[in-house]
Each structure stands twice: as structure tokens, then as C-alpha cells.
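Scope of the values below: all heavy atoms of this structure, side chains included, with no hydrogens, waters or symmetry mates.
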Amino acid sequence: MEERRINVVVNEEPKSVDVEPRLLLAHFLREVLGLTGTHIGCDTTNCGVCTVLVDGLPMKSCTMFAVMVDGKSVTTVEGLGLPSELHPIQEGFREEHGLQCGFCTPGMMMASKALLEENPNPTEEDIRWGLSGNLCRCTGYQNIVKSVLWAAEKLRSEAGAISR
Amino acid sequence: MAQALDEIKIGGLGSSRKRVEDDRFLRGKGNYTDDFKLPGMVHMEILRSPLAHARIKSIDTSKAWQIPGVHMVLTGEMAAQHNLAWMPTLSYDTQAVLATDKVRFQGQEIACVCADDPYIAKDGCEAIVVEYEPLPPIVNPWQSQAEGAPIIRDDKEGQTDNICYRWEVGDREGTERAFAQADLVSKLELHYPRSHPSPIECCGSIADYNSATAKLTVYMTTQAPHIIRAAVAIVAELPEHMIRIISPDIGGGFGNKVPVYPGYVCSILCSILLARPVKWIEDKTGNLISTHYARDIYYKGELALRKDGKILAVRFHCDSDNGAFFSDAQPTKFKIGLIHSAFAAYDIPYGYMTAQGAYTNKAPGGVAYRCSFRVTEAMFFQERAIQAAASDLGMDQAAFRRLNLVKDDQFPFRTPYGFLLDSGQFHKCLDVALNAIGYDDFLREKEAARAQGRRLGIGISTMTEPLGAGNSREYDILGIKMFDAAELRVHPSGKAILKIGSQTQGQGHETTFAQIVTHELGIPAADILVQHGDTDNTPFGMGTYASRSTPVAGAATAMVARKVRAKARKLAAHLLEVSEEDVEWELGRFHVRGAPSNGVSIQECAMAAYGNMPDGMEPGLENNAYYDPPNMTWPFAAYIVTVEVDPETGVWDVLRMVAVDDCGVRINPMIVEGQIMGGMTEAYAMANMQFITYDAEGNCVGSNYMDYLLPTAWETPGFELHEVVTPSPHHPIGAKGIGECAAVGGPAAFVNAVMNAVDDTGVRNIDMPLLPDRVWEAMKYKRDVSGAPPVKSDS
Ligand code: FES
Ligand code: FES
């Protein structure tokens, strides 16, 4: 099948790659770039384990073609924290036991990131609604909600410290 | 004097230490099966049957072979040349790997294609032409036993009907006598609908047969790598020591990843034929329609009651719909799992049960979905029957339970079906739950609300369940007894590696099993690496399911640590220059009796094992232990749910959910609570929305996440957790299983709450899930609502 060149910034690194038009973004990230933190869990855009940020917005990468991110920037879980330091969202999930098998976790955290950027001070209800596109079979969500609240508080206090 | 170690601080028993697994998962650096890429690897996809029951007239693969990038098109006929068209199940039946004669359920594997990438492999599947001759489909046990029903398993010699087993247990005559003396007999019939464990990660494997060394390595989403190795050795006729099963990080299992599936076998055969690695990653529909289902049992039961509320006897029958192949993953002796553990929490003198399994044109199974061999069905039937009996007597739900629950001074308690309960404080748990929910207040609130036309309801579920099979006398799978093993090696610097035969799928074994060693040896948990999931590098174990890990592998871990401590004691005596009898143990340290300041640490003993052992002592500090449990562990749970049902629409909302769990000693309370909340969510799911059914044509309804509804964060209620601790008297650290209690005992609490909210309608039962239209129908027409298939299809 004929390939197309795309230019995309992934986790702040520019990439220029030839891809088949039918290649899904999730497969592009996993198979072509080797970023296997983005998972695949369904065929119907329901589970959200493939969630990444495209130009800052949460997207289910199983539902986009790689060619659709030409000229855009993509952030995956691998771009969330630093090798030396976890992002507050990652810390929150660890502190509040917001993960068990870990399969939903990358998507859950990317959706949380978008949520907290839009709403830095969410209520439990805001979080439950904001993450309702992401399924988890292990945790029962209660600890995920706590994890996001934990992260929100840390992010707010960090932001406060910077603005002072 | 040396400071005594703080066990909680060093991550021992009772410490909610953060999980060591988390770091890799949080960074996207987990290693799930699909994350591995091997040199020269090809991708396999499976072609599945669109029909539920049909004879295969022909399969034409010629077009698929012509697609560039396709390397292999495997059919049942080709597999048969390698004696692999069929394979044994874990229940002594056979299952088709690739169909040769007939397809027996929708989604059955017909052929598979290996290609350079999964897209091409899918193209290949689409290019295969199959000609079918449709046969009448059967979607429930009654159809399968009707006059003139086609024989589904005509492949089996001597099979003249659609029955796969008949089974009975208990004291039939004693039970009959007790029923003759009853003042009242309370009856109930219901269906526990078919469900699917549906971990988010589907099944998959990468088979890598090295033709130079004849070694087969398989990366596989399996909860039981050692059993799988034995099964592969039998199925593929390969020498067991030349098979290595690696079960890397698993994206949830819940029982779905115990059996051997055709996809695994096909990837192995293709790798042998192609002499290159073959990766198979199932899609969600494939997972939901072909891998093993759970539940799907029809219950018909009765309780013999005395006027004062005492239960005199119980008698019930189960019809199980086993689908096309009888492939329950369960101990050999028990044909319908441990369903006879039903009513174990109650002091009932007599019991008798019968069961029958039927073949139908549905996906095979079933697996113990977050449960110990069908105890989920058992406890649901039990708690629904208990509620119905209390109502029939006009007795309060809590008072009726209190009257009949086994009392603290009755342990060990023998049930009428032969189980031996190890311990418990059932009444205390119930009281804690009733207090927490404010039982009496709620009943008043309910009355007041009813007067205003609102429908509130409260549901109780109390149960104990057997977790942690064996003992080996009674429990085996495919003839292999159910025990577990652990190996522990302490290195010169006092850091240790623990290897276990069980396999985590999110339960956090890498965290908690280290805590057991810490408890026994005083080595900080952070200094202990836990390894599992690789058959070449870990001792034998039956796998992680049925809440076996803590009760069995956890016990093996404690026992191996004690063996290591016994040797360390000899080293300590040598270092302290006293006799062994004069050495006393405290956590992490030996000291001279009567002189606590004169001691050596476990780390110093470890160093001595490699550098300063006494003459004649074998060097090193390591050992192994095989643990054959004397009994199951019996955790107890009391769950109470309150709901409000909308009288206009049948929609119900959970107001509160209180869980009181007694799982004995908690190794890591944070992880235990995580398990309870996860299980409770699945309980809510089953009561509210999650089920698989079939239409009259045998089409699976619930074949993807648009139809198979799983609760999100939005629907899932909040949970209030409480604990009671009754240590297991026979487990080395007093722990009991917990991973499944909430999923087992939870559904009845939700259903009983809704039934309680409609208790003035005379309705005895609404089958799960309690979809709004079912609840509405029950309220409107004041009749029971059955959920049994077939359902009307949309078309
Ligand atoms: S894989 Fe399920 S939504 Fe993308
Ligand atoms: S942690 Fe397993 S699916 Fe969420």
C-alpha cells in the first residue's frame, strides 16, 4: 500500500516518518515508534486505554489514523514525567493505589492530565464524569478518583509556589 | 542494645507499603505480551465462524495465500496432520482448535493467517472462503434436551444427547426427612446470567520455536504458566523441559486467562511450521465471543423452615449451560466447581444438591470469574434464597440471618456438603455492617418514603467462601495436585530473591510476597525481589486464580522463610559462640538468651553463610518449600446496600454500600482494600448492566464494549469499607483469600436491595442484570422477570 510522509512531534521530539494511510495512531506509536506505554483494549473506542494528547486534547489513538496527526504534537505516557521524576499525576496514582494491573493506567493518566488542565480544582463528581471514557476493571475507580484529587492538590500547590 | 525493628517501617506484615510494580506501569514501561517484539516475528489473526451451528462444507484458502506478506494459512485439516485439530480441556473434555467438521458456536476458530503485520493477516482472513450448511442452533439447556434436538457433540463417540455431566452431593434421605418436618418450605428459581471476566487486555501469545535448539518459548497472557507448560507438553507432544512459558505483566485476568485457548495453540504450531516467532493478539470481540464465559447457571432450590425461623435443610438443583465444549477450569472431582459451598455460612443440618451440565451452541467454558470455582453462583443463590425465606416467614432479614449463621463457638464447623469451615466471627461482622449502615434508621426512612410514593430498599448479603485450593487429597487439575511452591535465596549482603509459582495480574505479589519474607526474617521488604511468571526460573505452582495465591503460595513463602531462618539460627550460634538452644530470635536478629545486646543480624548471618560457616556446614543461605494446605481458608463478608428505585422508570441508584470483610490477617491493608473495591465494582456491574446473552440464531449479544456494558467511574458507587480480623488457624501467617469475596458476595446485596424496594409487589425474582426495563416490568405487571436466552434480536 502506498505510504505517506507525516511530520509529527511526539513527546517533544520531531519525527518524520512514512506510514500507510490505514495505520492507526495507536499502532504508529506502539509499533513504529516503540512507545508501548499506550495500550489497546477494544475495537469500539470504548475503553480509553489508548488515550494520548493530540495538541493537548485527549484522543483515543485507536480511533485516529497516524496521517491525521501530521503537523501536530502528540504526548504519550512516556512524555508525562521525567526519567528521574514522576509527574504529580503519576505520584498521585502511586500514593492512592490508583492502579492494579496497570493496563488502563497510561490512558487514565493522560485523560486526567487533560482534565486537570481544564479544571485544576475538580470535585469528585467532576473527576468521575471527566474519566467516564476510560474503563478500569481492577480498581473500582474510587482510588483513581483519590489519585486525581491528590495530583490536583499537588499541582495547585506547585503552581502557587511558582506564582509567589 | 540494638533497637528492635519496627516491622511496619521495614514493610512487613500489616504495612500499606506502596507497590513496587507501580513505577514501571506509571512510566508506560510495563511489559505486557503485546509489548514484545522478536526478530523475524510474524503476526497471526484468526478467522472465526459467523454462525452458531453449521456443518463446514469447504474452506478455500487459495486467495489468502496469494496476498503478498502472507506466510501461512492454517486450517483444521492442516492442524489435524499434526494431531492438533482438537485439544483436551481442563475438564477432561475435548475442544476444537480449528474446526474441521462443524462449527459449534459463533466465533469459533476456523483458520488463522500469519503475515508481516496484523493488517495483512486480517486481509488474509477476509480472503478465505468458507461454505457452511447451517444447523439449528441451541442457546439454553431446555432446547438442548428437547425432543429431536440435534446432537451438538457428534464428534464424541457414544454421545447420544447434549448432557455433559450429572453430579450430586449431600445426604438425600436425611434432607427428605427434614423437609417432611418443615413448617414451611420456601422455594426460589432464578438464572445467574452468562458473563465474561473481560480484563481490558485481551489474550495473546508470542510463540518462538527455535529449530536449532528445539526449545519452545512462549510469551503468554496466562494466570497459570506452570499448568500451561504441562498442557502444552501434552497437547503439542513436546518434551516439558524444552518448553518455557513466560507470563509477563498481565493486564487483568479474573479467571479469563487460566485456560488454554486455540489461539495459543495455533501460534505455537505456526511457529514450529514457520521456524520463526509468531505473535497473536486477540481483538476484543474475539475475546468476548470465544474465550471462556462464566456463570450461566439455572438454580432451583428450597429451604425447609421451622416457624421460629430455624433452617432445617436445604435442597437445590443447578442446570449449567456449558456451551459447545465442557472446559470449566476446576478441580477434577467437582463437576460444577464448589457450588456445594452454598449455604456454608449457615448452621443447616441437612443438605442435598444435584447438577447437570448441558452442551449448547455458545462459547465454551466456564471459568471461575473472580471466584473459587463457581462459588459466586453458590453465594448468589444462597443469599437470594435466604432473603426469600425470611420474607416467607415474615421475619426481619437481619434477625433471620442472626438466628441461622454459624456461631463463634462452633468452629471448626462441618457443613452438610462436607466442607470444614476454619474460623470466623460471622455475627460480629453482621453487626458491624448493620451499625455502619444504620439499619433500624433506614427501615424507618424506608417506611416514611413509601408513604410518599418513593421506593427505598436495603439488601444484605452475608457469606463465607472456600479460598485457596487444595488440599492435594481432594483437589487436582488434570491429575496435578493443587499445591504451590516458593524458593528463597539470601545473598551475602543480606538482600534476597524470592521465586514463586503463582502469577500476578494486578494483585501486587511483587509487593506483598516480599512482606511475608520481611515478617519472617526481618529483611526490609525493599531488599527482597520477587520473581514469578517464568517456568524456567520459578518453582512449580498451580497459578493465580480462585484466590489461591495468599492462602497457598503465600504460605509456601512463609514456610521457606522459616527454613532459611532455621539455618540462619545455626549460623548465629556459630557467630555468637553459643549452642543453638541458647539463641533467641527477634525480628531481623538473633541474640544470646538472657543477653539481648549480644546478637547478630540476619544480614550478618547471611554473610557468614558465604564466608564464615561452621566446619561441615553446607555453604549458602537458601531453600525451597512446597505447601500443601490442610484446608481452604474461609473469609467471611457482610455487605449491605441501600438503593432507591424510580417507580416510573425502574432505574435504581445506589445510596450507600457498606462492606465488612474478615480475611484474617491483612498483609498489606492498602492492597486488600483495593481488591475489595475492585470486586465490589464487578458485583455492581453484574447486578446492574454486565451480561452476555444470545438470540435465537445463536448470535452473541455482548460481543463488544458497546453491547457488553461495563461500569465507568460515573456509574460506580462509592464504597465504605470496614474490617474484622479472625486469623486462619491453619495458615502460617493467619491470612485468608480476599481477591474475590466482594465479587462473590456483592451481587446479592445489590439485587436484594432492589427486591426489598419492590417488596410490596409480590415479585419473587428479577433476573440479573436488573436493567430498568426488567424492574419496571416487575413493578408494573407484578410478575417475576426472567432473563434467560434467547433474547429478541434487533432485526
Ligand atoms: S483501544 Fe479502546 S478506546 Fe482505544
Ligand atoms: S488497573 Fe487494571 S484495568 Fe485498571
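Between chain A and the options B/Gln675, B/Met677, B/Gln505, B/Lys29, heavy-atom pairs under 4.5 Å are most frequent for B/Met677. Considering only heavy-atom pairs separated by less than 4.5 Å from chain A, the leading option among B/Asp117, B/Ile676, B/Asn287, B/Asp123 is B/Asp123. Between chain A and the options B/Gly506, B/Ala713, B/Pro118, B/Pro711, the largest number of non-hydrogen pairs under 4.5 Å is found for B/Ala713. Taking A/Val145, A/Leu135, A/Leu80 one by one and counting their heavy-atom pairs under 4.5 Å with chain B, the maximum is reached by A/Leu135. Ranked by non-hydrogen atom pairs under 4.5 Å with chain A, the options B/Ser198, B/Gly30, B/Gly252, B/Gly508 are led by B/Ser198. Most heavy-atom pairs under 4.5 Å with chain B, from the set A/Cys136, A/Cys104, A/Gly81, A/Gly140: that is A/Gly140. Contacts with chain A were tallied for B/Thr681, B/Asp22, B/Ile281; B/Asp22 has the most, counting heavy-atom pairs under 4.5 Å. Across B/Glu21, B/Glu673, B/Lys37, the residue that shares the most heavy-atom pairs under 4.5 angstrom with chain A is B/Lys37.
For the residue pair A/Thr44 and B/Met706, the shortest heavy atom distance occurs at CG2-CE, 3.7 Å. Here the closest heavy-atom approach between residue A/Arg30 and residue B/Asp35 is recorded as NH2-OD1, 2.8 Å. Among all heavy-atom pairs drawn from A/Ser132 and B/Trp714, the shortest one is CB-CB, 3.9 Å.
At distances below 3.5 Å, not a single donor-acceptor pair connects side-chain atoms of A/Tyr141 with backbone N or O atoms of B/Pro717. At distances below 3.5 Å, not a single donor-acceptor pair connects side-chain atoms of B/Lys284 with backbone N or O atoms of A/Cys47.
Distance CD1/A/Ile40 to CG/B/Asp283: 11.0 Å, rounded to 0.5 Å. In this structure, OG1 on A/Thr36 lies 7.0 Å from CG on B/Asn31, to the nearest 0.5 angstrom.
When heavy atoms are compared at a cutoff of 4.5 Å, A/His27 approaches chain B solely by way of its side chain, counted from C-beta outward. Interface residue B/Thr712: backbone and side-chain heavy atoms are both found under 4.5 Å from chain A. Residue A/Ile127 does not touch chain B at all, counting heavy-atom pairs closer than 4.5 Å. Of the two parts of B/Glu282, neither the backbone nor the side chain holds a non-hydrogen atom closer than 4.5 Å to a non-hydrogen atom of chain A. Interface remark: B/Ile250 contributes backbone atoms only to the contact with chain A (heavy atom separation under 4.5 Å). For chain A, the nearby part of B/Phe254 is the side chain; its heavy atoms alone come within less than 4.5 Å. Proximity to chain B (any heavy atom under 4.5 Å) is restricted, for A/Thr139, to the backbone atoms N, CA, C and O. At a 4.5 Å heavy-atom cutoff, the contact between B/Met670 and chain A is made by backbone and side-chain atoms alike. Looking at A/Glu124, neither its backbone nor its side chain comes within 4.5 Å of chain B, counting heavy atoms on both sides. For B/Ile120, the parts lying under 4.5 angstrom from a heavy atom of chain A are both the backbone and the side chain. With a threshold of 4.5 angstrom between heavy atoms, B/Ile671 approaches chain A through its backbone and through its side chain.
For residues 107-119 of chain A, the interface with chain B (any heavy-atom pair closer than 4.5 Å) comprises A/Met109, sorted by residue number. Within residues 90-103 of chain A, the residues having any heavy atom under 4.5 Å from a heavy atom of chain B are, by residue number, A/Gln90, A/Phe93, A/Arg94, A/Glu95, A/His97, A/Leu99, A/Gln100, A/Cys101, A/Gly102, A/Phe103.
The environment of A/Lys72 atom NZ is sparse: at most 12 non-hydrogen atoms of other residues, nucleotides or ligands sit within 6.0 angstrom. Within a 6.0 Å radius of CD in A/Glu153, no more than 12 heavy atoms belonging to other residues, nucleotides or ligands are found.
Partners of B/Glu682 according to the salt bridge (Lys or Arg N to Asp or Glu O under 4.0 Å) rule, which considers only residues two or more places apart in sequence or in another chain, are A/Arg137, B/Arg370. Here B/Arg24 pairs with B/Asp249, B/Glu510 under the salt bridge (Lys or Arg N to Asp or Glu O under 4.0 Å) rule; sequence neighbours left out.
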### Task
Could you give me the CA-CA distance, side-chain angles and deciding distance for A/Arg128 and B/Glu715, then say whether side-chain contact (heavy atoms from CB on, under 4.5 Å) is met?
CA-CA 8 Å; A/Arg128 285 186 179 270; B/Glu715 296 86 27; over 6 Å; no
### Candidate pair A/Leu86 and B/Asp23, rule side-chain contact (heavy atoms from CB on, under 4.5 Å), full reasoning
CA-CA 9 Å; A/Leu86 294 178; B/Asp23 245 292; 4.1 Å; yes
### Task
Applying side-chain contact (heavy atoms from CB on, under 4.5 Å), run through B/Tyr119 and A/Leu24 and close with a yes or a no.
CA-CA 10 Å; B/Tyr119 293 69; A/Leu24 295 175; 3.7 Å; yes
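Inspection of the B/Thr285 and A/Asp43 side chains reveals an N or O donor paired with an N or O acceptor under 3.5 Å.
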